[in-house]
Colleague: 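Dropping the structure in here first, questions after.
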Amino acid sequence: MASCRMALLLGLLLLVVASPAIADDDSGIYYQLALMWPGAYCEQTSAGCCKPTTGVSPARDFYITGFTVLNATTDAAVTGCSNKVPYDPNLNQYWSNIRCPSNNGQSSWKNAWKKAGACSGLSEKDYFETALSFRSRINPLVRLKAKGIEPDFGLYGLKAITKVFKSGINATPVIQCSKGPFDKYMLFQLYFCAAGNGTFIDCPAPQQYTCSKEILFHPFKKWMLKQQLNQDDDPFQLPGVAMDN
């Protein structure tokens, strides 16, 4: 029974209108995954960004900022189911907290579990690992760069960005923008939805955000993180990914 439940809940991501995937799914819920681009966050926050105190370097990629359970009938968030202490898997690279002052991310993970994870139908371990798995399946930066959309201060069309994911995972992301340099709107967060059975869908009740037809994709550089690094420490050196200064 547990394995059936796990299979039913596998694969969540975010975005679009009422989908046949939900109609065919009897779990009564769907999921929304929020992914933040750290370059935009560092640019817009007055406090700046700080390297986490965990000793594990954040990835140069989109970070998870939320993994929410929603009622498939009302589209309302399902919250407040438990106050258990969260399981602590390896969240440091892709669910990283770069807010200042430097912190270890524990409070944000605990809040995520208390607010949404306890209502997900998953164990603490499976909740966090499923969110990370979904982020990996979306693989947002790799997909965007493969289509020539890179964090290089360039302006890119909203339609071109949504097309990348529609053609890749057959779901349209909700795009949240924020104001950046030269008063231009920039890419801040992407939201993806998935039915309880793991099928990617357009979010049934997407929130509306203000963006321009073309938006800035702000770079994310090492100097944006305030904490001093060791001489040989390169927090953004991932397999196959080299980072400019």
Side-chain angles (χ1 to χ4, degrees), residues 1-15 25 27-38 41 49-59 61-140 173-174 176 188-198 200-201 203-205 207:
M1 187 69 178
S3 60
C4 292
R5 177 65 175 170
M6 194 51 217
L8 184 68
L9 296 176
L10 241 183
L12 327 169
L13 269 107
L14 179 1
L15 283 189
D25 172 33
S27 67
I29 59 174
Y30 67 95
Y31 297 86
Q32 175 175 286
L33 183 70
L35 301 175
M36 179 192 76
W37 177 245
Y41 175 80
C49 293
C50 288
K51 187 170 185 275
T53 60
T54 58
V56 178
S57 300
D61 210 325
F62 286 82
Y63 299 158
I64 297 171
T65 55
F67 190 38
T68 308
V69 186
L70 297 105
N71 185 297
T73 301
T74 65
D75 296 313
V78 182
T79 61
C81 298
S82 173
N83 287 321
K84 292 181 180 178
V85 177
Y87 171 76
D88 182 17
N90 181 16
L91 306 176
N92 295 306
Q93 281 198 317
Y94 292 106
W95 199 325
S96 187
N97 192 328
I98 55 174
R99 293 181 179 178
C100 293
S102 296
N103 64 92
N104 62 13
Q106 290 288 334
S107 62
S108 62
W109 303 336
K110 184 176 182 178
N111 288 338
W113 171 254
K114 289 171 66 177
K115 182 178 178 180
C119 303
S120 66
L122 301 170
S123 68
E124 295 101 316
K125 178 177 185 293
D126 289 337
Y127 169 75
F128 288 112
E129 292 186 349
T130 299
L132 291 168
S133 173
F134 293 157
R135 199 221 69 86
S136 179
R137 289 172 58 191
I138 299 170
N139 209 1
V174 172
Q176 181 180 3
F188 178 42
Q189 294 201 106
L190 297 172
Y191 297 86
F192 296 88
C193 289
N197 62 11
F200 299 131
I201 59 172
C203 292
Q207 188 166 342

Colleague: Fit a plane to each ring of F188 and Y41, take the angle between them on a 0 to 90° scale, and name the class: parallel (under 30°), tilted (30 to 60°) or perpendicular (over 60°).
Modeller: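 The arrangement is parallel - the two ring planes meet at less than 30°.
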Colleague: If every non-hydrogen atom of A112 is compared with every non-hydrogen atom of Y127, which pair is closest and at what distance?
Modeller: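 Closest pair (atom of A112, atom of Y127, distance): O-OH, 3.6 Å.
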Colleague: Can you name the nearest heavy-atom pair linking P204 to Y30, along with the distance?
Modeller: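 Residues P204 and Y30, closest heavy atoms: CD-CE1, 3.4 Å.
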Colleague: Where does the angle between the aromatic ring planes of Y31 and F67 fall among parallel (under 30°), tilted (30 to 60°) and perpendicular (over 60°)?
Modeller: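 Rings of Y31 and F67: parallel, as their planes differ by under 30°.
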Colleague: Does any N or O in the side chain of S102 come within less than 3.5 Å of the main-chain N or O of T53, such that one atom is a donor and the other an acceptor?
Modeller: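 Judged by distance alone, no pair lies under 3.5 Å.
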Colleague: Pair F128, L122 - check side-chain contact (heavy atoms from CB on, under 4.5 Å), show working.
Modeller: CA-CA 9 Å; F128 288 112; L122 301 170; over 6 Å; no
Colleague: If you define the side chain from C-beta out and look only at heavy atoms, does anything of L35 sit under 4.5 Å from I64?
Modeller: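 Yes, their side chains come closer than 4.5 Å.
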Colleague: Might you point out which heavy atoms bring L33 and F134 nearest each other, and give the distance in Å?
Modeller: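 Scanning both residues completely, I find the closest heavy atoms to be CD2-CB, 4.0 Å.
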Colleague: Would you call R137 and F200 a side-chain contact if the rule is heavy atoms closer than 4.5 Å?
Modeller: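 Sidechains of F200 and R137: in contact.
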Colleague: When you take the SG atom of each Cys, C100 and C50, is the space between them under 2.5 Å?
Modeller: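 The sulfur gammas are closer than 2.5 Å, so yes.
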Colleague: Measuring only between side-chain heavy atoms, which start at C-beta, is Q106 closer than 4.5 Å to W109?
Modeller: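 When only atoms from C-beta onward are counted, W109 and Q106 do touch, with a gap below 4.5 Å.
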Colleague: State, to 0.1 Å, how close L190 and P140 come at their nearest heavy-atom pair, and which atoms those are.
Modeller: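 Heavy atoms of L190 and P140 come nearest at CD1-CB, 4.4 Å.
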Colleague: Judged by modelled atom types alone, do N97 and Y63 share a side-chain donor-acceptor pair under 3.5 Å?
Modeller: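 On atom types as modelled, these side chains do not qualify, holding no pair under 3.5 Å.
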Colleague: I need the minimum non-hydrogen distance between P38 and I98, along with the two atoms involved.
Modeller: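 That would be CB-CD1, 3.7 Å.
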Colleague: What is the minimum heavy-atom distance between P52 and P58, and which atoms define it?
Modeller: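 Heavy atoms of P52 and P58 come nearest at CD-CD, 4.0 Å.
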